Novice: 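Quick one: the structure is below, questions incoming.
Everything quoted here is computed from the prediction, not taken from an experiment.
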Amino acid sequence: MQGNALDLSHYADNTFDIVLLFGPLYHLHSQADKLRCIQEAKRVCKPDGTLFFAFIANDMVILTMFHEVPDYFVNGDYDKETFRCHDFPFVFHTVDACRELLREGGVRVLHEVASDGVSELLQDKINAMDEENYAQYLRYHFYTCEKPEHLGTSNHLLFVGEP
(Lines give C-alpha, C1' and ligand atoms only; values in the text may rest on other atoms or scores of the structure.)
Protein backbone atom coordinates (compact mmCIF):
# COMPACT_ATOMS: atom_id res chain seq x y z
CA MET A 1 0.00 0.00 0.00
CA GLN A 2 1.31 3.42 -0.89
CA GLY A 3 0.85 6.04 1.79
CA ASN A 4 2.22 8.97 3.72
CA ALA A 5 4.17 8.61 6.95
CA LEU A 6 2.37 11.68 8.32
CA ASP A 7 -1.04 10.06 7.92
CA LEU A 8 -1.39 6.33 8.51
CA SER A 9 -5.13 6.63 9.12
CA HIS A 10 -5.83 3.66 6.85
CA TYR A 11 -4.33 1.55 9.67
CA ALA A 12 -6.04 1.02 13.00
CA ASP A 13 -4.33 1.76 16.31
CA ASN A 14 -2.07 -1.01 17.66
CA THR A 15 -1.94 -2.92 14.36
CA PHE A 16 1.73 -3.88 13.97
CA ASP A 17 4.35 -5.65 16.07
CA ILE A 18 7.12 -3.81 14.21
CA VAL A 19 7.06 -0.40 12.51
CA LEU A 20 9.95 0.64 10.25
CA LEU A 21 10.71 4.29 9.52
CA PHE A 22 13.50 3.68 7.02
CA GLY A 23 13.31 6.87 5.00
CA PRO A 24 10.67 9.33 6.20
CA LEU A 25 13.02 11.09 8.61
CA TYR A 26 15.51 11.57 5.74
CA HIS A 27 13.05 13.93 4.07
CA LEU A 28 10.93 15.70 6.68
CA HIS A 29 12.28 19.19 7.34
CA SER A 30 10.00 20.60 10.02
CA GLN A 31 10.11 19.42 13.61
CA ALA A 32 6.30 19.27 13.61
CA ASP A 33 6.30 16.87 10.63
CA LYS A 34 8.99 14.69 12.21
CA LEU A 35 6.99 14.48 15.44
CA ARG A 36 3.77 13.76 13.52
CA CYS A 37 5.55 10.90 11.71
CA ILE A 38 6.76 9.48 15.03
CA GLN A 39 3.30 9.79 16.60
CA GLU A 40 1.71 7.94 13.67
CA ALA A 41 4.32 5.17 13.93
CA LYS A 42 3.68 4.87 17.66
CA ARG A 43 -0.08 4.86 17.11
CA VAL A 44 -0.04 1.92 14.70
CA CYS A 45 2.55 -0.01 16.74
CA LYS A 46 1.27 -2.41 19.39
CA PRO A 47 2.09 -1.33 22.97
CA ASP A 48 4.66 -4.14 23.26
CA GLY A 49 5.91 -3.62 19.69
CA THR A 50 9.19 -2.29 18.36
CA LEU A 51 9.91 0.85 16.36
CA PHE A 52 12.93 1.25 14.06
CA PHE A 53 14.05 4.75 13.05
CA ALA A 54 16.71 5.39 10.39
CA PHE A 55 18.56 8.70 10.09
CA ILE A 56 21.34 10.06 7.88
CA ALA A 57 24.18 11.12 10.17
CA ASN A 58 25.38 14.67 9.62
CA ASP A 59 28.94 14.25 10.82
CA MET A 60 30.03 11.28 8.70
CA VAL A 61 28.53 12.69 5.51
CA ILE A 62 31.26 15.33 5.44
CA LEU A 63 33.99 12.68 5.45
CA THR A 64 32.15 10.58 2.89
CA MET A 65 31.83 13.57 0.59
CA PHE A 66 35.54 14.38 1.09
CA HIS A 67 36.31 10.79 0.06
CA GLU A 68 34.50 11.50 -3.24
CA VAL A 69 35.35 15.21 -3.71
CA PRO A 70 38.95 16.09 -2.73
CA ASP A 71 38.25 19.81 -2.15
CA TYR A 72 35.01 19.21 -0.22
CA PHE A 73 36.37 20.70 3.02
CA VAL A 74 36.80 24.04 1.26
CA ASN A 75 34.01 23.95 -1.35
CA GLY A 76 31.51 21.51 0.14
CA ASP A 77 27.86 22.28 0.81
CA TYR A 78 27.96 22.59 4.60
CA ASP A 79 28.35 25.39 7.15
CA LYS A 80 32.13 25.79 7.50
CA GLU A 81 31.81 27.05 11.10
CA THR A 82 29.32 24.58 12.60
CA PHE A 83 29.98 21.63 10.25
CA ARG A 84 26.22 21.34 9.76
CA CYS A 85 25.29 19.86 6.37
CA HIS A 86 22.67 21.72 4.36
CA ASP A 87 19.43 19.74 4.47
CA PHE A 88 18.99 19.14 0.76
CA PRO A 89 18.14 16.75 -0.79
CA PHE A 90 18.24 14.90 2.52
CA VAL A 91 17.78 15.95 6.13
CA PHE A 92 20.85 15.26 8.23
CA HIS A 93 20.86 14.60 11.97
CA THR A 94 23.54 14.49 14.63
CA VAL A 95 23.38 11.67 17.15
CA ASP A 96 22.23 14.12 19.81
CA ALA A 97 19.51 15.52 17.52
CA CYS A 98 18.20 11.96 16.96
CA ARG A 99 18.10 11.34 20.68
CA GLU A 100 16.31 14.61 21.35
CA LEU A 101 13.74 14.07 18.58
CA LEU A 102 12.86 10.60 19.84
CA ARG A 103 12.76 11.80 23.45
CA GLU A 104 10.41 14.61 22.43
CA GLY A 105 8.34 12.07 20.50
CA GLY A 106 7.96 9.92 23.61
CA VAL A 107 9.96 6.95 22.29
CA ARG A 108 11.89 4.81 24.74
CA VAL A 109 15.18 4.09 22.95
CA LEU A 110 16.49 0.54 23.36
CA HIS A 111 19.44 0.57 20.94
CA GLU A 112 21.49 3.11 19.01
CA VAL A 113 23.38 1.63 16.06
CA ALA A 114 25.94 2.97 13.59
CA SER A 115 24.33 0.98 10.78
CA ASP A 116 27.09 1.06 8.20
CA GLY A 117 30.02 2.41 10.19
CA VAL A 118 32.89 3.25 7.85
CA SER A 119 31.80 0.70 5.24
CA GLU A 120 30.99 3.31 2.59
CA LEU A 121 34.52 4.70 2.79
CA LEU A 122 36.02 1.20 2.60
CA GLN A 123 33.60 -0.35 0.11
CA ASP A 124 36.26 -1.21 -2.50
CA LYS A 125 38.43 -2.95 0.09
CA ILE A 126 35.44 -4.71 1.66
CA ASN A 127 34.14 -5.88 -1.72
CA ALA A 128 37.58 -7.33 -2.51
CA MET A 129 37.74 -9.42 0.70
CA ASP A 130 37.65 -13.17 0.66
CA GLU A 131 34.99 -14.91 2.77
CA GLU A 132 37.19 -15.36 5.83
CA ASN A 133 38.27 -11.71 5.95
CA TYR A 134 34.74 -10.50 5.26
CA ALA A 135 33.37 -12.64 8.10
CA GLN A 136 35.94 -11.15 10.46
CA TYR A 137 35.19 -7.62 9.21
CA LEU A 138 31.50 -8.19 9.98
CA ARG A 139 32.40 -9.41 13.45
CA TYR A 140 34.40 -6.19 13.93
CA HIS A 141 31.52 -4.07 12.63
CA PHE A 142 29.02 -5.72 14.98
CA TYR A 143 31.53 -5.29 17.82
CA THR A 144 31.78 -1.52 17.20
CA CYS A 145 28.38 -0.51 15.81
CA GLU A 146 26.69 0.07 19.18
CA LYS A 147 29.66 1.61 20.97
CA PRO A 148 28.68 5.19 21.85
CA GLU A 149 32.05 6.52 20.70
CA HIS A 150 31.43 5.13 17.19
CA LEU A 151 27.87 6.32 16.60
CA GLY A 152 28.87 9.48 14.73
CA THR A 153 31.10 7.52 12.36
CA SER A 154 28.37 6.10 10.19
CA ASN A 155 26.38 7.56 7.31
CA HIS A 156 23.24 5.94 8.67
CA LEU A 157 22.02 5.65 12.21
CA LEU A 158 19.44 3.18 13.43
CA PHE A 159 17.52 3.79 16.62
CA VAL A 160 15.40 0.96 18.01
CA GLY A 161 12.70 1.84 20.48
CA GLU A 162 9.33 1.12 21.91
CA PRO A 163 6.24 3.30 21.99
Side-chain angles (χ1 to χ4, degrees), residues 1-65 67 78 83-123 126-127 134-163:
M1 176 176 288
Q2 184 174 349
N4 182 330
L6 300 176
D7 178 12
L8 300 176
S9 58
H10 48 277
Y11 298 114
D13 294 359
N14 306 318
T15 300
F16 301 105
D17 295 311
I18 296 173
V19 178
L20 307 175
L21 283 88
F22 288 178
L25 298 171
Y26 293 6
H27 300 286
L28 298 172
H29 289 268
S30 80
Q31 187 76 351
D33 283 348
K34 292 175 191 178
L35 289 170
R36 175 70 184 158
C37 176
I38 291 168
Q39 292 313 308
E40 280 293 278
K42 286 175 50 181
R43 183 185 64 75
V44 300
C45 190
K46 292 179 180 175
D48 60 345
T50 305
L51 300 157
F52 293 82
F53 302 91
F55 298 91
I56 300 177
N58 182 85
D59 299 340
M60 187 65 175
V61 167
I62 293 171
L63 282 179
T64 302
M65 292 304 299
H67 186 259
Y78 68 95
F83 296 97
R84 180 81 178 94
C85 293
H86 297 169
D87 285 335
F88 184 82
F90 301 106
V91 176
F92 303 99
H93 294 82
T94 63
V95 173
D96 285 341
C98 296
R99 289 175 178 145
E100 177 57 25
L101 176 65
L102 296 176
R103 186 202 59 74
E104 189 175 341
V107 174
R108 181 173 170 264
V109 174
L110 305 172
H111 299 279
E112 301 174 341
V113 183
S115 305
D116 44 11
V118 296
S119 297
E120 194 164 337
L121 296 180
L122 301 176
Q123 63 187 341
I126 293 168
N127 289 337
Y134 182 65
Q136 187 64 9
Y137 173 77
L138 285 179
R139 287 187 65 236
Y140 171 77
H141 174 70
F142 294 138
Y143 165 74
T144 62
C145 70
E146 288 192 64
K147 286 186 165 190
E149 63 269 27
H150 287 260
L151 290 176
T153 54
S154 182
N155 283 315
H156 297 89
L157 299 169
L158 175 67
F159 282 68
V160 181
E162 47 189 30

Novice: Listed by chain and number, what are the ring-ring contact (aromatic ring centres under 6.0 Å, His included) partners of Phe22, not counting sequence neighbours?
Specialist: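 By the ring-ring contact (aromatic ring centres under 6.0 Å, His included) rule, Phe22 matches no residue at all.
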Novice: Might you work through the side chain to side chain contact (heavy atoms under 4.5 Å, CB included) test for Val61 and Ile56, ending with a clear yes or no?
Specialist: CA-CA 8 Å; Val61 167; Ile56 300 177; 3.8 Å; yes
Novice: Looking at Ala41 and Leu21, what are the two nearest heavy atoms and their distance?
Specialist: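 Shortest heavy-atom separation between Ala41 and Leu21 comes out as CB-CD1, 3.4 Å.
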Novice: Give, for atom CZ of Arg108 and atom CG of Leu102, the distance between the pair rounded to the nearest 0.5 Å.
Specialist: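 Nearest 0.5 Å value for the CZ-CG distance: 13.0 Å.
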Novice: Quickly, which of Thr15, Asp13, Asn14, Asp17 forms a side-chain hydrogen bond (donor to acceptor under 3.5 Å, both in side chains) with Lys46? Name it, please.
Specialist: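 The option that passes is Asp17.
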Novice: Report the distance from atom OG of Ser119 to atom CD1 of Ile126, rounding to the nearest 0.5 Å.
Specialist: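 Atom-to-atom, Ser119:OG and Ile126:CD1 are 4.0 Å apart.
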Novice: Does Glu112 come within less than 4.0 Å of Arg99, counting only side-chain N to carboxylate O?
Specialist: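 Result for this pair is yes, salt bridge flagged.
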Novice: Side chain to side chain contact (heavy atoms under 4.5 Å, CB included), that's the test. Do Phe52 and His111 meet it? Break it down for me.
Specialist: CA-CA 9 Å; Phe52 293 82; His111 299 279; over 6 Å; no
Novice: Within this structure, what is the CD-CG distance for the pair Gln39 and Leu6, rounded to the nearest 0.5 Å?
Specialist: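 So the CD of Gln39 and the CG of Leu6 are separated by 12.0 Å.
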Novice: Would you say Leu101 and Gln31 make side-chain contact, with heavy atoms under 4.5 Å?
Specialist: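 A side-chain contact exists here, since the closest heavy-atom pair is under 4.5 Å.
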Novice: Minimum heavy-atom separation for Cys85 and Ile62, please, with both atom names.
Specialist: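 Nearest heavy atoms, Cys85 then Ile62: SG-CG1, 3.8 Å.
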Novice: Parallel, tilted or perpendicular, judged at 30° and 60°: which one describes the rings of His27 and Phe90?
Specialist: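 Tilted.
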Novice: Go through the steps for Asn58 and Thr94 under the test side chain to side chain donor-acceptor pair (under 3.5 Å), then give the verdict.
Specialist: CA-CA 5 Å; Asn58 182 85; Thr94 63; over 6 Å; no
Novice: How would you list, by chain and number, every residue that makes a ring-ring contact (aromatic ring centres under 6.0 Å, His included) with Phe55, sequence neighbours excluded?
Specialist: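 ring-ring contact (aromatic ring centres under 6.0 Å, His included) list for Phe55, sorted by chain: His93, Phe159.
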Novice: Verify the distance criterion only: is there a donor paired with an acceptor across the side chains of Gln136 and Arg139 at less than 3.5 Å?
Specialist: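 Yes - a donor-acceptor pair under 3.5 Å links their side chains.
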Novice: Might you point out which heavy atoms bring Leu28 and Cys37 nearest each other, and give the distance in Å?
Specialist: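 Nearest heavy atoms, Leu28 then Cys37: CD1-CB, 3.7 Å.
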Novice: Name the residue from Thr50, Leu8, Leu51 that meets the side chain to side chain contact (heavy atoms under 4.5 Å, CB included) definition with Val19.
Specialist: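 Of Thr50, Leu8, Leu51, side chain to side chain contact (heavy atoms under 4.5 Å, CB included) with Val19 is met by Leu51 alone.
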Novice: Might you point out which heavy atoms bring Thr144 and His150 nearest each other, and give the distance in Å?
Specialist: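 Here Thr144 and His150 meet closest at O-CB, 3.6 Å.
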Novice: Is the closest side-chain heavy-atom distance between Val107 and Phe53 below 4.5 Å?
Specialist: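 Val107 vs Phe53: side chains touch.
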Novice: Nearest 0.5 Å, please: how far is CG in Leu158 from OG in Ser115?
Specialist: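 Atom-to-atom, Ser115:OG and Leu158:CG are 4.5 Å apart.
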Novice: Which heavy atom of Glu40 sits nearest a heavy atom of Asp7, and at what distance?
Specialist: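 Distance-wise, the nearest heavy atoms are OE1-C, 3.5 Å.
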Novice: Is there a donor-acceptor pair closer than 3.5 Å between any side-chain N or O of Lys42 and the backbone N or O of Gly105?
Specialist: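 Yes.
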Novice: Please round to the nearest 0.5 Å and tell me the distance separating atom CG of Asn155 and atom CG of Asp116.
Specialist: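 Here the rounded value is 5.5 Å.
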Novice: How would you list, by chain and number, every residue that makes a ring-ring contact (aromatic ring centres under 6.0 Å, His included) with Phe16, sequence neighbours excluded?
Specialist: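 With sequence neighbours excluded, Phe16 shows a ring-ring contact (aromatic ring centres under 6.0 Å, His included) to Tyr11, given in chain and number order.
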Novice: For the atom pair SG (Cys145) and CG (Leu157), what is the distance rounded to the nearest 0.5 Å?
Specialist: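 Result: 11.0 Å between the selected atoms.
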Novice: Take Asp87 and Arg84 through the side chain to side chain contact (heavy atoms under 4.5 Å, CB included) test and state the conclusion after the steps.
Specialist: CA-CA 9 Å; Asp87 285 335; Arg84 180 81 178 94; 3.1 Å; yes
Novice: Under the criterion side chain to side chain contact (heavy atoms under 4.5 Å, CB included), I'd like the reasoning laid out for Val109 against Arg103: C-alpha separation, chi angles, the key distance, then a yes or no.
Specialist: CA-CA 8 Å; Val109 174; Arg103 186 202 59 74; over 6 Å; no
Novice: Nearest heavy-atom pair of Pro163 and Cys45: which atoms, and what distance?
Specialist: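 The answer is CG-SG, 3.9 Å.
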Novice: Would you please classify the geometry between the Tyr137 ring and the Tyr134 ring as parallel, tilted or perpendicular, with 30° and 60° separating the classes?
Specialist: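 Plane angle under 30°, so parallel.
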